[in-house]
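Worksheet: the structure to be examined is printed underneath.
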Amino acid sequence: MICCVKTPIDPQRSIDPIDRQIIAVLGRNARMTFAEIGSDVKLSASAVKRRIDRLEADGVITGYTVLLNHAKLGRPIEAFAELRFSGDTKVDDIAGIADHVDGVQAVFTTAGDPDAIVWLRVRDVEELKSVIDLIRRTGKVIGTKTLMVLGRSEKNNQANKR
C-alpha cells in the first residue's frame, strides 16, 4: 500500500518568474481580473486563476487589501512613536501596549533601541498628543520620541500615481 503525505511547499522553490510577475501585478492593483493579469503576464485567465489559487493555498498570498485616503476619512496625520520600556518588560507586554488606544494602526516590537515603534493615524496634533499621553500612562513606557510623517513614497503603489 502506498500512502501519500503532503509535505509543506517551500515557497522560494515553488515560485517561478511568472508567479513573481503575477504577484507584482496584484501588488499594483489587486482588483484586476484574471484576464487582465493574463494579458500582462502572457497567460490565459484560467492559467492565472490556477496560479493564484496555488499561491493562496501555499500561503504566499495571504489576503487582499484596500488603500485608503485617510485625509478623506478624517485622519490625515500619520506619525510614528518610538517607545522605550524598562528592562524587565516582556516583549508580549510591549506588543499589546496600545491595543485599547484609538488611532494606533500597529505596534512593531524591535530588537535594540527603541523597544517598539507605534504607527499612528490621527485627526490633528491635539489627538496625536492625547494618543501619546494614553500610551505613556500605561506605566510601562519610560520614554517616547514621536515622528510626524511629512510625505510618503511607496514602491509600486498605483494609488500614489493617481
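The basis for the numbers below is simple: all heavy atoms, side chains too, and nothing from hydrogens, waters or symmetry mates.
Hydrophobic clustering, with ILVMFWY side chains joined whenever heavy atoms are under 4.5 angstrom apart, groups Tyr64 together with Val25. Each of Leu128 and Trp119 belongs to its own hydrophobic cluster when Ile, Leu, Val, Met, Phe, Trp and Tyr are linked at side-chain heavy-atom distances under 4.5 angstrom. Ile77 and Leu73 fall into different hydrophobic clusters, where Ile, Leu, Val, Met, Phe, Trp and Tyr side chains are chained together by heavy-atom contacts under 4.5 Å.
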- Can you check side chain to side chain contact (heavy atoms under 4.5 Å, CB included) on Leu83 and Val118, steps first, answer last? CA-CA 8 Å; Leu83 305 182; Val118 179; 3.4 Å; yes

- Evaluate side chain to side chain contact (heavy atoms under 4.5 Å, CB included) for Asp115 paired with Thr89, printing each intermediate quantity in order. CA-CA 10 Å; Asp115 297 305; Thr89 307; over 6 Å; no

- Step by step, work out the side chain to side chain contact (heavy atoms under 4.5 Å, CB included) result for Arg51 and Leu43. CA-CA 10 Å; Arg51 283 176 176 260; Leu43 289 177; 3.6 Å; yes

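Across Ala98 and Val107, no two heavy atoms sit closer than the pair CB-CG2, 4.1 Å. When all heavy atoms are compared, the tightest approach of Phe34 to Ile52 is CE2-CD1, 3.7 Å. Closest of all the heavy-atom pairs between Ile117 and Phe80 is CG2-CD2, 3.9 Å. The shortest non-hydrogen separation linking Ala81 to Ile132 is CB-CD1, 3.6 Å. Residues Thr138 and Ile135 come closest through the heavy atom pair OG1-O, 3.0 Å.
Within the 3.5 Å criterion, the main-chain N or O of Ile37 finds no donor-acceptor partner in the side chain of Asp40. Using modelled atom types, one side-chain atom of Asp16 and one backbone atom of Ile18 make a donor-acceptor pair closer than 3.5 Å.
Atoms CG and CD, on Leu120 and Gln105 in that order, are 8.0 Å from each other to the nearest 0.5 Å. Rounding to the nearest 0.5 angstrom, the gap separating the CG atom in Asp124 from the CZ atom in Arg75 is 9.5 Å. The distance from the CD atom of Glu82 to the OG1 atom of Thr110 is 8.5 Å, given to the nearest 0.5 Å. Taking CD1 from Ile61 and CZ from Arg54, the interatomic distance works out to 9.5 Å, rounded to the nearest 0.5 Å. For the atom pair CD1 (Ile23) and CD (Gln21), the distance works out to 10.5 Å, reported to the nearest 0.5 Å.
Side chains of Ile15 and Val60 form a contact here, defined as non-hydrogen atoms less than 4.5 Å apart. A 4.5 Å side-chain heavy-atom check between Phe85 and Ile97 finds at least one atom pair inside the cut-off.
Taking the charged nitrogens against the carboxylate oxygens, Asp102 and Arg123 have no contact shorter than 4.0 Å, which rules out a salt bridge.
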Review item, side-chain donor-acceptor pairs of residues 139-150, under 3.5 Å, at least two apart:
| unit_1 | atom_1 | unit_2 | atom_2 | d |
| --- | --- | --- | --- | --- |
| Thr144 | OG1 | Arg136 | NE | 3.0 |
| Thr144 | OG1 | Arg136 | NH2 | 2.5 |

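Listed by chain and number, the residues in a side chain to side chain donor-acceptor pair (under 3.5 Å) with Asp53 are Lys49 (sequence neighbours excluded). Residues passing the side chain to side chain donor-acceptor pair (under 3.5 Å) test with Asp88 are Ser86, sequence neighbours excluded.
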